[in-house]
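Because the structure is predicted, anything quoted here is derived from the model rather than measured. In what follows, every heavy atom counts, from backbone to side chain, and hydrogens, waters and symmetry copies are set aside.
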Amino acid sequence: TQLLEQSPQFLSIQEGENLTVYCNSSSVFSSLQWYRQEPGEGPVLLVTVVTGGEVKKLKRLTFQFGDARKDSSLHITAAQPGDTGLYLCAGAPGGSYIPTFGRGTSLIVHP
Amino acid sequence: KAGVTQTPRYLIKTRGQQVTLSCSPISGHRSVSWYQQTPGQGLQFLFEYFSETQRNKGNFPGRFSGRQFSNSRSEMNVSTLELGDSALYLCASSLAMVFNEQFFGPGTRLTVL
């Protein structure tokens, strides 16, 4: 059983479209991180959300942490081909020191 | 500032052999974590070292081991390789705790034949 469920698993869209990626769990997390990984590379941290209800923006990317700290979402506005990659959410459930990752959402943005 | 480096980048081994992977963290980072990434299981935490001590361990068999040196460089060893050990092995470093901002290396692609 995956502690962090990400959806959708795959996303193929045209440049300029908007999209939302979800990361859900039945456990409470003290914080959640979002990473982007490109082929042949390690994941790169995009953001960390800590407070329930928190919203963070990174240019065209908007990250939200659920009020109950069990879920998070990533919204991309006007996607560009450079946004192509594997988006991963990660965190450690309350009381644990073991980080867990979602399976990821593979995004392809076509020019 | 130089990023996390991992060597080698690619490795081919046969079943039953053992392998050692190396990771050099970002200068000043004392925490080094290792992860296994496969298409089927995704990214899974192996273990974390801090100041030469294993601080946290994931759910992997004892064939997977690691160590950290006084300069924070870390090595990971896999003994008696199995076909299922084929994966991308990622190393990540952070300043203090594993939940702090982690910086990942490019990984070592291990293929077991």
Do Q37(A) and Q37(B) get their side chains close enough for a donor-acceptor pair, meaning under 3.5 Å? yes
Between F45(B) and F101(A), does the ring centre distance come in under 6.0 Å? no
Going from CG on L43(B) to CG on L4(A), what distance comes out if it is rounded to the nearest 0.5 angstrom? 12.0 Å
Tell me, for L90(B) versus chain A, whether the close heavy atoms (under 4.5 Å) come from the side chain, the backbone, both or neither. side chain
Cut-off 4.5 Å, heavy atoms of chain A, and the answer for R109(B) is neither
Hydrophobic cluster identity match, V49(A) and V44(A), side-chain contacts under 4.5 Å: no
If hydrophobic clusters are built from ILVMFWY residues whose side chains come within less than 4.5 Å, do V78(B) and L88(B) share one? no
Considering residues, nucleotides and ligands other than [X], do more than 12 of their heavy atoms fall under 6.0 Å from its [atom1]?
| X | atom1 | answer |
| --- | --- | --- |
| Q9(A) | CD | no |
| N59(B) | CG | no |
| R15(B) | CZ | no |

Does a side-chain heavy-atom distance below 4.5 Å link Y35(B) with P43(A)? no
